[in-house]
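Read the structure below first, then the notes.
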Amino acid sequence: MTFQKNQIYTVEIEDIGAEGEGIGKIEGFSLFVKDALPGDRAKVRLTKVKKNYAYARLEEILEPSPDRVMPRCPFHRQCGGCQIQALSYEKQLAFKQSKVENNLVRIGGFAPEKIREIMEPIIGMEDPWRYRNKAQYPFGYSKEGELITGFYAGRTHSIIANTDCLLGARENREILEILLKHMERYHVSAYDEATGQGLVRHVLIRKGFSSGELMVCIVINDGKGKSGTKNGRNDSEVRGKRWIPEQNKLVDRLALLHGMTSISVNLNPERTNVIMGPETVTIWGRDKIRDKMHLFRTDGSEFVKTDKSVTYEISPRSFYQVNPVQAERLYSTALSYAELTGRETVWDLYCGIGTISLFLARDAGQVYGVEVVPEAIEDARENARKNHIANAKFFVGKAEEVLPAFYEKEAQMSEEAEAMRHPDVIVVDPPRKGCDEVCLRTILRMRPERIVYVSCDSATLARDLKVLCEGGYELKRGRVCDQFCQGVHVESVWLLGREEPCTV
Ligand code: SAH
């Protein structure tokens with residue numbers, strides 16, 4: 001059989017790929033079909049043919065999978081965000097659990113029985129909608145020349161008008177509509193990527209779910225040659241400047257919204273895809289919003305809220321988990337895996353603004369956080385101070401450089417330095433590319449009692465766990481936490497303990 005682009009076939013979808021695509025076979029030839037689900041019988045059109053497989057598009061569902069549900073969002077197939085929205089939530093969770101299991105077996109080389117034995121039930125959401133505390137909406141024009149805001153159609157930069165993404169906060173819609181109305185009324189232009197002309201590029205909206213505080217940051221095509229207008233500068237000239245036509249009217253209207261706490265403009269004069277520029281100027285209210293996270297106790301697989309909490313200050317550019325409800329559960333699981341009694345020395349590598357570090361500090365003797373972004377470390381220190389946490393210290397630098405530097409320091413004089421070289425627990429929460437090899441080797445040399453690995457990519461997780469287990473650790477527990485409901489990304493947390501030498 002020779003396969004060609006645009007041919008149409010009828011195929012039974014048997015499996016689901018890592019990106020949520022349906023997988024079917026015709027005479028041993030694999031087809032990867034966007035938007036198709038296991039159990040579908042469908043007509044598909046080939047879009048790209050390779051030697052042993054092809055990509056295809058769903059043309060018509062002949063018989064729907066029993067796991068199909070009516071997608072709530074009318075745009076879900078155009079938008080790249082919710083790849084598996086048409087799959088029942090129960091099956092979404094099963095898909096994520098098995099995606100992690102498969103990677104640990106295939107890449108990590110772990111025995112499937114071992115993985116199944118140690119993995120706890122996935123942590124799903126009761127209501128897997130409107131969980132995101134952050135939204136970034138681009139502004140532009142429709143084909144008819146109408147001012148719009150919405151989201152980029154999958155893998156493109158053309159905007160599809162939609163002011164109410166169902167993963168985001170309900171307030172987003174009103175904020176976006178106020179902005180659109182203001183821009184129409186006072187002829188404020190949207191930025192055009194093709195020409196580099198126009199003013200309003202994006203709006204970033206953040207909401208503190210527990211505090212109810214709202215932040216609006218309008219990213220504008222302005223600011224070339226300006227300097228010193230750093231976030232928080234209370235300079236009346238800068239604060240008083242009008243960046244947007246009839247700015248006061250816009251600010252007055254936005255400020256009426258319940259919970260509005262911070263309104264700023266971010267200056268991004270560059271012709272780039274990067275959303276935020278380096279400078280942010282607060283034009284109304286505070287520079288940051290606050291949010292609080294509670295520590296939960298685990299009781300079997302249930303989570304019970306405790307009265308311990310940490311409050312975080314979040315600026316427009318800070319990294320902060322986008323699903324705070326699930327982040328509390330993820331971090332609480334990490335904390336329970338660390339088995340802290342109040343005396344331990346703990347390293348928290350890749351600590352960001354100290355979110356996990358400060359959770360750990362509530363129950364540890366001393367916590368040391370390491371993070372490569374200096375502003376994040378400033379936030380971490382400020383967060384520690386504001387929460388009266390005195391047992392957390394933070395270092396700027398790469399984990400793979402900071403950690404060996406401490407370990408290799410000759411002639412350690414103080415008790416603290418010795419404890420740092422031989423910690424009780426090391427927690428890592430690396431970006432998708434996982435941990436650097438040098439970092440893993442140093443962890444192995446430090447030989448902590450326990451290692452807790454928080455991962456946002458199960459393929460690099462599997463690779464790293466293999467190194468740690470070959471270096472004398474054993475996988476003890478693991479749990480997937482659904483932070484990105486309706487999408488395919490998976491977060492999980494793992495406990496490794498030292499393999500004890502056999503004494504018999
Ligand atoms: N634990 C934090 C942040 C996790 S995201 C939280 O949950 O909020 C991963 C973090 O690793 C990012 O903040 C990123 O800036 C940081 N990072 C990336 N490479 C790093 C490296 N080589 N060393 C230290 N930190 C790094």
Side-chain angles (χ1 to χ4, degrees), residues 123 132-134 206 208-209 274 276 288 290-296 310-335 337-338 346-362 364 367-384 387 389 392-407 425-443 451-458 460-461 463-464 479 481 483-484 489-494:
I123 309 166
R132 285 184 63 99
N133 58 8
K134 172 182 165 185
R206 285 186 126 151
F209 275 26
V274 178
M276 307 279 281
K288 299 184 184 189
R290 257 181 303 237
D291 197 26
K292 187 192 266 188
M293 281 203 205
H294 282 270
L295 278 68
F296 284 66
V310 180
T311 301
Y312 300 95
E313 296 266 343
I314 308 154
S315 60
R317 283 162 51 88
S318 307
F319 173 89
Y320 188 63
Q321 289 276 348
V322 296
N323 182 340
V325 169
Q326 291 297 86
E328 282 180 332
R329 287 165 177 73
L330 180 75
Y331 295 156
S332 296
T333 305
L335 184 61
Y337 282 7
V346 185
W347 283 91
D348 178 26
L349 309 179
Y350 312 89
C351 70
I353 61 167
T355 338
I356 299 178
S357 321
L358 300 182
F359 259 53
L360 294 164
R362 291 276 187 231
V367 177
Y368 302 99
V370 182
E371 159 65 45
V372 74
V373 175
E375 294 82 9
I377 289 290
E378 276 171 37
D379 283 349
R381 289 182 180 138
E382 194 184 327
N383 285 329
N387 285 284
I389 291 174
K393 282 189 193 165
F394 294 96
F395 304 99
V396 179
K398 292 185 176 167
E400 60 272 24
E401 290 171 7
V402 173
L403 205 60
F406 272 97
Y407 186 71
V425 182
I426 298 182
V427 179
V428 300
D429 182 13
R432 288 205 194 139
K433 67 173 193 237
C435 294
D436 186 276
E437 174 97 30
V438 175
C439 176
L440 294 174
R441 298 268 162 234
T442 313
I443 291 174
I451 302 170
V452 178
Y453 196 126
V454 183
S455 154
C456 57
D457 183 310
S458 57
T460 56
L461 165 79
R463 179 200 68 197
D464 292 351
R479 198 157 191 194
C481 185
Q483 307 280 103
F484 305 105
H489 291 297
V490 190
E491 291 257 347
S492 58
V493 50
W494 299 84

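Note that ligands are numbered from 1 as they come in the structure, with each ligand's atoms numbered from 1 the same way.
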Decide whether the shortest distance between a heavy atom of V373 and an atom of ligand 1 is less than 4.0 Å.
yes
Can a donor-acceptor pair be found, under 3.5 Å and without considering hydrogens, that links the side chain of N387 to the backbone of T311?
yes
In the protein, what heavy atom is nearest to atom 8 (O) of ligand 1, and what distance, to one decimal place, separates them?
T355 OG1, 2.8 Å
For ligand 1, indicate whether the residue C439 contacts it via side chain, backbone, both or neither (heavy-atom separation under 4.0 Å).
neither
Can an N or O of Y331 be found at a distance shorter than 3.5 Å from an N or O of ligand 1?
yes
Return yes when C351 approaches ligand 1 closer than 4.0 angstrom through a heavy atom, no otherwise.
yes
Contacting atoms of ligand 1, where contact means under 4.0 angstrom from a heavy atom of G397
23 (N), 24 (C)
Answer yes or no: is there a donor N or O on one side and an acceptor on the other, between the side chain of R206 and the main chain of P316, under 3.5 Å?
yes
For atom 23 (N) of ligand 1, what's the nearest protein heavy-atom neighbour? Residue, atom name and distance, please.
A399 N, 2.9 Å
Looking only at heavy atoms of A327, does any of them come nearer than 4.0 Å to an atom of ligand 1?
no
Short N-O contact, K288 and E382, less than 4.0 angstrom:
yes
Is it true that the side chains of Y453 and D464 contain a donor and an acceptor less than 3.5 Å apart?
yes
Please evaluate residues V396 and E371 with respect to the criterion side-chain contact (heavy atoms from CB on, under 4.5 Å), reporting the C-alpha separation (whole Å), side-chain torsions for both, the decisive distance (0.1 Å), and the verdict.
CA-CA 5 Å; V396 179; E371 159 65 45; over 6 Å; no
min-distance protein heavy atom vs atom 13 (O) of ligand 1 -> E371 OE1, 2.7 Å
Which residue and atom name correspond to the protein heavy atom nearest atom 22 (N) of ligand 1, and how close is it?
E400 OE1, 3.1 Å
At less than 4.0 angstrom from any non-hydrogen atom of Q321, what atoms of ligand 1 do you find?
7 (O)
For the atom pair OH (Y331) and CD (Q326), what is the distance rounded to the nearest 0.5 Å?
12.0 Å
With a cut-off of under 6.0 Å to the ring centre and 45° to the axis, is R290 in cation-pi contact with Y312?
no
Begin with the C-alpha distance, continue with both residues' side-chain angles, and end with the deciding distance and a verdict on ring-ring contact (aromatic ring centres under 6.0 Å, His included) for F406 and W347.
CA-CA 11 Å; F406 272 97; W347 283 91; 5.4 Å; yes
Donor-acceptor pair, distance only, cut-off 3.5 Å: does the side chain of N383 make one with the backbone of E313?
yes
For atom 11 (O) of ligand 1, which candidate among Y320, Y350, F319 holds the nearest heavy atom?
Y350
May I ask which of V372, D429, V370 has a heavy atom nearer to atom 4 (C) of ligand 1 than the others do?
D429
Give me the nearest non-hydrogen protein atom to atom 18 (C) of ligand 1 as residue plus atom name, then the distance to 0.1 Å.
P431 CG, 3.6 Å
